[in-house]
> 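Right, I'll just put the structure down here and ask away after.
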Amino acid sequence: MKIAILQQDIIWGDIQANCEAAAKAIDARPGNNLYILPEMFSTGFATQPKGIADADGYTLNWMKQKAREKHAAICGSVAIEDHVRYYNRLYFVKPDGSVQYYDKHHLFTYGGEHYQFTAGKDRVIVNYEGYRILLAVCYDLRFPVWSRNNQDYDLAIYVASWPAKRQLAWDTLLRARAIENQCYLVGVNRVGDDPVLHYSGGSVILDPNGEILAACESEKEQVAVAEIDIKKLEEFRKKFPVLDDIDNFILK
């Protein structure tokens with residue numbers, strides 16, 4: 001499966017402009033099976049979503065249209081208003097227009113996200129192109145129990161608006177999650193500035209050893225592409241069966 005990661009500079013609060021920019025980036029790198037965008041890619045990371053969050057489904061409709069057009073899945077997080085509640089919702093839109101989504105479970109309390117957004121309760125795994133894919137958003141990366149691979153996924157996706165001043169944590173934790181869970185891993189972060197913070201990117205595709213398969217340059221809007229191989233993953237797990245020795249626990 002060929003994966004393209006889009007490291008974007010997001011225009012604050014301008015849904016249409018951000019979708020148009022994402023469309024141009026996708027059009028410039030055709031032929032991939034999956035395109036992944038950052039957290040809240042159509043608005044920027046908004047802890048005060050009133051007046052900014054997508055209330056009419058514009059972003060999701062754009063994702064569906066683009067998925068059909070490119071015969072590829074589109075994945076990205078959107079700030080949405082749904083029945084008077086706000087969610088940081090990671091959509092996974094397949095080429096046939098079907099949609100699965102994950103609502104961010106670990107809201108970023110340090111930044112006040114929990115005051116306006118509703119936390120998701122369910123862990124979500126999507127099946128696509130022969131892969132079982134775990135969906136996760138930004139702050140989820142800091143919580144390994146939530147991401148524990150119970151031999152139920154092959155690829156983990158983390159989309160983020162992760163600030164430059166904590167870049168070392170982003171880089172380190174992505175590798176840790178890939179290695180400890182014996183999975184392919186994608187981390188897609190934004191670049192540029194919002195009204196509060198600066199973002200330097202660090203978007204990568206990693207193999208189960210934490211080795212970089214593809215990466216975007218720091219501080220640049222860029223698309224990077226890598227191909228992953230389920231057969232190689234299965235052979236690696238069979239040869240070095242770490243997941244057979246995991247500790248059992250119940251997540252409450």
Side-chain angles (χ1 to χ4, degrees), residues 1-8 22 25-26 28-39 41 63 66-67 70-77 90-96 98 100 102 123-138 140-141 144 147-160 162 170-189 201-217 222-244 246:
M1 178 166 68
K2 290 183 68 176
I3 300 172
I5 53 176
L6 283 68
Q7 185 167 274
Q8 290 181 278
I26 291 170
R29 297 299 295 267
N32 299 293
N33 305 107
L34 172 59
Y35 294 86
I36 306 175
L37 299 135
E39 179 181 23
F41 73 90
M63 294 174 79
K66 208 66 186 172
K70 295 300 177 183
H71 305 288
I74 310 290
C75 181
S77 151
L90 179 54
Y91 285 117
F92 193 101
V93 181
K94 296 180 181 179
D96 63 3
S98 62
Q100 288 177 264
Y102 162 73
R123 192 169 175 268
V124 176
I125 294 172
V126 172
N127 290 295
Y128 178 65
E129 292 288 325
Y131 289 82
R132 301 166 300 169
I133 305 171
L134 177 73
L135 303 183
V137 180
C138 203
D140 287 327
L141 181 62
S147 299
R148 166 59 69 85
N149 191 349
N150 298 307
Q151 303 197 48
D152 56 357
Y153 71 85
D154 310 301
L155 166 65
I157 294 173
Y158 294 87
V159 302
W162 195 287
W170 169 257
D171 297 338
T172 303
L173 292 172
L174 286 174
R175 281 185 168 83
R177 297 294 89 82
I179 293 167
E180 72 192 8
N181 292 303
Q182 286 196 308
C183 66
Y184 288 111
L185 186 143
V186 174
V188 183
N189 193 23
S203 303
V204 293
I205 302 173
L206 302 174
D207 75 7
N209 283 312
E211 298 286 346
I212 295 174
L213 299 177
C216 296
E217 295 179 56
Q222 200 171 58
V223 179
V225 175
E227 188 165 1
I228 62 175
D229 188 326
I230 190 67
K231 290 183 178 179
K232 287 183 179 180
L233 176 62
E234 290 170 348
E235 290 169 1
F236 172 68
R237 288 174 171 174
K238 185 177 180 179
K239 183 177 181 180
F240 187 42
V242 172
L243 297 180
D244 289 346
I246 61 175

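Model, not experiment: these values are computed from the prediction. Throughout, residue positions are numbered sequentially from 1 according to the sequence presented.
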> Looking at Cys138 and Trp162, what are the two nearest heavy atoms and their distance?
O-CZ3, 3.5 Å
> Short question: side chain of Asp207, backbone of Asn209 - any donor-acceptor pair under 3.5 Å?
yes
> Should Val126 and Tyr102 count as side-chain neighbours, where that means a heavy-atom distance under 4.5 Å?
no
> side-chain contact (heavy atoms from CB on, under 4.5 Å), that's the test. Do Val159 and Leu37 meet it? Break it down for me.
CA-CA 7 Å; Val159 302; Leu37 299 135; over 6 Å; no
> Would you mind reporting whether Ile133 and Ile157 have side-chain heavy atoms less than 4.5 Å apart?
yes
> Within this structure, what is the CZ-OG1 distance for the pair Arg177 and Thr172, rounded to the nearest 0.5 Å?
10.5 Å
> Is there a side-chain contact between Ile230 and Tyr184 (heavy atoms, below 4.5 Å)?
no
> If you measure only the distance, is there a donor-acceptor pair under 3.5 Å linking the side chains of Asn33 and Tyr131?
no
> Output the distance between atom CG (Leu90) and atom CG (Asp140), rounded to the nearest 0.5 Å.
9.5 Å
> Once rounded to the nearest 0.5 Å, what's the spacing between atom CG of Leu135 and atom CG of Leu155?
9.0 Å
> How close do Leu206 and Gly210 get, counting heavy atoms only, and between which atoms?
CD2-O, 3.7 Å
> Start with the C-alpha gap between Ile212 and Arg175, add the side-chain angles, then the distance that decides, and say whether side-chain contact (heavy atoms from CB on, under 4.5 Å) holds.
CA-CA 9 Å; Ile212 295 174; Arg175 281 185 168 83; 3.1 Å; yes
> In Å, rounded to the nearest 0.5 Å, how long is the span from CD of Gln151 to CD of Gln182?
8.5 Å
> So do Val188 and Ser203 actually touch side chain to side chain, heavy atoms under 4.5 Å?
yes
> Locate the shortest heavy-atom distance separating Gln7 from Gly202; write the atom from each residue and the value.
OE1-N, 3.2 Å
> Measure across Cys183 and Ala156 and return the closest heavy-atom pair with its distance rounded to 0.1 Å.
SG-CB, 4.3 Å
> Taking Asp96 for the side chain and Ser98 for the main chain, is one N or O donor matched with an acceptor at less than 3.5 Å?
yes
> Can you find a side-chain donor-acceptor pair between Asn149 and Glu180 that sits under 3.5 Å?
no
> CG of Leu34 to CD1 of Ile74: how many Å apart, nearest 0.5 Å?
7.5 Å
> Using the side-chain contact (heavy atoms from CB on, under 4.5 Å) rule, take Ile26 and Leu6 through it: C-alpha gap first, then chi angles, then the decisive distance, then the call.
CA-CA 8 Å; Ile26 291 170; Leu6 283 68; 3.6 Å; yes
> Nearest 0.5 Å please: distance from the CG atom of Asn181 over to the CG atom of Leu243.
7.0 Å
> Does any N or O in the side chain of Asn32 come within less than 3.5 Å of the main-chain N or O of Ile3, such that one atom is a donor and the other an acceptor?
no
> Among Ile36, Leu185, Val186, whose side chain to side chain contact (heavy atoms under 4.5 Å, CB included) with Tyr158 holds?
Leu185
> Please report the closest heavy-atom contact between Gln100 and Asn127, naming both atoms and the distance.
OE1-N, 4.5 Å
> Taking all heavy atoms of Tyr153 and all of Arg123, pick out the closest pair and write down the distance.
CE2-NH2, 3.5 Å
> Report yes or no: does Tyr35 contribute a side-chain atom to a donor-acceptor pair with the main-chain N or O of Arg29 at less than 3.5 Å?
yes
> Going by the angle between their ring planes, with limits at 30° and 60°, are Phe92 and Tyr128 parallel, tilted or perpendicular?
perpendicular
